[in-house]
Every structure is written in C-alpha cells, then in structure tokens.
Q: 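This is the structure I have questions about; it appears just below.
In this chain, residues are counted from 1 in sequence order. Heavy atoms only: backbone and side chains are in, while hydrogens, waters and symmetry mates are out.
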Amino acid sequence: MLALCTSLIGERLPGGVFQNPPGKVFFERQLYTSFEKDLSKNVDLELAFAHLEGIVAPLIARIVETAKHNRGVALHSNERQLLAIYTYYQWKRVPDNFRQFSSLATFRIDGEKVLREFETRYRPLDDHEREYFGREETWRRMLQNVRRDVISKGNASIVDTVESMNLCIVKISNPKKAFIISSYPVYKLNFPGRAALTDPTVEWWFPISSEVSLVWTGRGRATLFRSLSDGQEVRRLNQAAAAKSNMIASRSGALTSSLAAFTGAQIVPPMRDT
C-alpha cells in the first residue's frame with residue numbers, strides 16, 4: 001500500500017496512460033486560493049504550503065539519499081515534528097481527500113436546500129440573489145473557500161498523534177521494482193473497524209520517492225529502517241495505493257499501465273444527507 005515516483009516526457013501511451021514531466025503530475029492551478037468578498041484572490045495558503053515544502057525538501061532529500069545506502073537516518077525531535085506536520089498536510093490538503101465527502105454537485109444540492117429553507121422561514125430571494133446563486137461559478141468559489149478554511153485550521157491533535165508514532169523508512173532493494181505515486185499520497189492501512197491512528201496496528205504510508213516511503217505506525221517515537229525485497233509485496237502495495245486514488249504515476253509507463261485497472265476501485269462517492 002505505497003505510492004511513488006516520477007513521470008516521463010513523451011507522447012501519449014495507449015490505455016489512458018500518458019507521459020509528463022514530474023512538475024506537471026497531479027498539478028491543479030490555484031488549488032488553495034480563496035476569494036474575498038470583493039472577489040479578489042487570497043493566496044496566503046498557497047504561499048504557506050510553498051514555504052513548508054521549501055523547509056522540508058532538504059530533509060526529504062537526506063532521508064532518500066541515506067536510504068539508498070541501506071541506512072536509516074538520525075532525526076532530531078524538531079525534524080520528526082516537521083515530518084509529522086508535512087505528512088498530515090499532504091494527507092489533508094489533496095483534492096482526493098475532499099472529493100470523498102463533497103463534490104461540486106453535492107455541495108450545490110445541499111446549498112440550494114439551505115436556500116429553500118431560508119425562503120420558507122424568512123423571505124424569498126430577490127432577483128439579484130437568484131441570479132447570483134444560479135451561477136455555477138458562485139458555488140465553485142464557495143466550495144473553494146470552504147475547503148481552504150478547513151485546510152488552514154488544521155488539527156494539532158492529529159499531528160501530535162503522528163509525531164508520537166514510530167517512523168519506519170522503507171526502501172525497495174530490488175532495482176526492478178518501484179513504488180507508484182498517487183493523487184492520494186498519504187493514506188492509512190488498517191484492519192476493519194480499527195482505523196484510529198491511536199490503534200497500534202494502523203500504518204500511515206507516505207512514499208517520498210520511487211524507492212523510499214515513510215511509514216508511521218505503532219507507538220514509541222523510534223526511527224526505524226526496513227529493506228523491502230519481496231516483489232509481490234511491492235505489487236500489493238501499489239495495487240492498494242491505486243485503488244484509493246483517482247490518478248497514479250510512476251517512473252515506468254509499463255508499471256502505470258499494469259495498475260490502471262485498479263485505479264479508483266475503492267473510492268467512495270461523496271456523502272450527503274438524504
């Protein structure tokens with residue numbers, strides 16, 4: 001259940017698989033931009049994430065480089081905290097996470113239900129209000145703002161829980177095998193009915209290269225290292241990663257194509273009250 005790596009440059013491949021430079025993989029413009037009342041754009045969250053990524057990049061590079069030599073890395077407490085924060089936001093901020101609970105269509109349906117209740121209880125909407133709420137762009141901006149607010153608030157208790165877990169650095173030792181990277185880059189592996197991060201059997205996977213993944217699990221704040229040589233286990237991990245995501249990528253067109261049928265298999269439709 002891992003994720004991985006890079007993309008390629010070139011022409012479109014059969015079966016819905018295409019090649020892209022790494023910088024364009026899973027790229028969405030202004031994903032964390034919100035809109036003020038005067039419709040001006042607020043990019044504070046975009047800048048904050050860019051700053052966080054700039055701080056964590058040298059640490060991730062050090063972990064990957066050390067793992068290539070089949071060694072774990074010694075982490076200071078502040079580095080563990082930084083990795084816990086980064087893992088949390090890589091899980092929380094991605095579109096696949098939000099799409100589990102609310103698409104634009106379901107958000108609008110629920111919003112229009114609230115408007116009808118408002119009209120019943122208070123007053124009819126005027127012509128300007130009807131025109132405003134009749135535009136899809138209005139609901140798109142509202143949903144964007146809701147997502148931005150939820151992301152920016154964060155949850156310190158989850159970060160504290162992650163930081164208190166053991167951190168295992170898993171490195172594939174077989175050069176012919178690789179992890180995929182997915183549009184849901186951080187996700188839990190758990191037994192049925194045991195999904196809480198506080199459960200010692202839960203694992204939170206976060207691939208950081210085609211060969212290396214961070215795995216948060218158990219309790220103890222230890223930093224561990226594991227070499228993974230079993231090709232079938234890598235395959236199972238990649239299948240699980242693909243099943244939880246809308247899109248996947250890897251360093252190999254053949255690998256991506258071989259997992260295309262698994263992509264999105266476990267995605268739950270957005271939920272709303274009926």
Side-chain angles (χ1 to χ4, degrees), residues 1-8 12-20 22 24-28 31 87-107 109 143 147 150-151 168 170 172 174 176-197 199 201-217 228 230-274:
M1 311 85 150
L2 288 113
L4 113 257
C5 192
T6 64
S7 303
L8 310 172
R12 188 173 180 81
L13 298 175
V17 178
F18 57 93
Q19 296 178 329
N20 253 336
K24 292 186 177 181
V25 176
F26 311 140
F27 179 76
E28 293 189 34
L31 189 57
T87 301
Y88 167 73
Y89 277 111
Q90 285 296 97
W91 164 75
K92 183 170 185 177
R93 72 181 190 171
V94 296
D96 272 13
N97 193 14
F98 283 100
R99 287 167 184 154
Q100 291 183 90
F101 306 104
S102 181
S103 66
L104 177 60
T106 56
F107 180 77
I109 289 171
L143 180 58
R147 288 175 174 172
V150 171
I151 292 171
C168 185
V170 177
I172 295 178
N174 186 338
K176 295 182 179 180
K177 302 298 179 180
F179 297 135
I180 63 165
I181 193 167
S182 67
S183 55
Y184 200 85
V186 179
Y187 48 89
K188 286 185 289 187
L189 301 179
N190 58 273
F191 293 109
R194 301 181 64 178
L197 279 178
D199 189 300
T201 64
V202 167
E203 298 176 352
W204 227 18
W205 289 82
F206 180 20
I208 56 176
S209 82
S210 59
E211 300 173 332
V212 181
S213 180
L214 305 181
V215 185
W216 298 91
T217 186
L228 178 58
D230 187 340
Q232 290 186 343
E233 183 176 356
V234 175
R235 180 67 179 180
R236 289 193 296 270
L237 293 171
N238 284 337
Q239 289 174 351
K244 295 175 181 289
S245 307
N246 280 300
M247 296 179 64
I248 61 172
S250 78
R251 69 184 184 188
S252 162
L255 174 58
T256 304
S257 296
S258 72
L259 292 163
F262 296 93
T263 305
Q266 294 179 8
I267 291 179
V268 178
M271 298 181 296
R272 64 183 182 88
D273 295 333
T274 56

Q: Would you name the heavy atoms of Val202 and Ala196 that are closest together and state the gap between them?
A: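 That closest heavy-atom pairing would be CG2-O, 3.2 Å.
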Q: Can any side-chain N or O of Ser210 pair as donor or acceptor with the backbone N or O of Ala178 at less than 3.5 Å?
A: no
Q: Would you say that Asn174 contacts Val234 through its side chain, given a criterion of any heavy-atom pair below 4.5 Å between the two side chains?
A: no
Q: Going by side chain to side chain contact (heavy atoms under 4.5 Å, CB included), name the residues that satisfy it together with Arg194, two or more places apart in sequence or in a different chain.
A: Phe191, Asp199, Thr201
Q: Could you tell me which residues satisfy side-chain hydrogen bond (donor to acceptor under 3.5 Å, both in side chains) with Thr217, sequence neighbours excluded, listed by chain and number?
A: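 Here no residue qualifies.
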Q: Using the rule given for side chain to side chain contact (heavy atoms under 4.5 Å, CB included), can you reason through Arg235 versus Leu255, listing the C-alpha separation, both sets of side-chain angles and the distance that settles it, and then say yes or no?
A: CA-CA 10 Å; Arg235 180 67 179 180; Leu255 174 58; 4.3 Å; yes
Q: Which heavy atom of Ser183 sits nearest a heavy atom of Ser245, and at what distance?
A: OG-CB, 3.5 Å
Q: Would you say the side-chain atoms of Trp204 and Thr87 include a donor-acceptor pair closer than 3.5 Å?
A: no
Q: So do Leu259 and Gln239 actually touch side chain to side chain, heavy atoms under 4.5 Å?
A: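 Heavy-atom side-chain distance check passes, below 4.5 Å.
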Q: Can you tell me how far the CH2 atom of Trp216 sits from the CG atom of Leu197, to the nearest 0.5 Å?
A: 11.0 Å
Q: Looking at every non-hydrogen atom in both residues, tell me the closest pair between Lys177 and Arg251 and how far apart they are.
A: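 In this case the closest contact between Lys177 and Arg251 is O-NH2, 3.3 Å.
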Q: Would a distance-only check, ignoring hydrogens and angles, find a side-chain to backbone donor-acceptor pair under 3.5 Å from Thr256 to Ser252?
A: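 Yes; at least one donor-acceptor contact below 3.5 Å.
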Q: Can you give me the closest heavy-atom contact between Phe262 and Ser258, atom names plus distance?
A: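 Taking Phe262 first and Ser258 second, the nearest heavy atoms are CE1-O, 4.0 Å.
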Q: Can you list everything that forms a side-chain hydrogen bond (donor to acceptor under 3.5 Å, both in side chains) with Asp230? Sequence neighbours excluded, please.
A: none
Q: How many angstroms lie between atom NZ of Lys244 and atom OG1 of Thr263, to the nearest 0.5 angstrom?
A: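 Result: 13.5 Å between the selected atoms.
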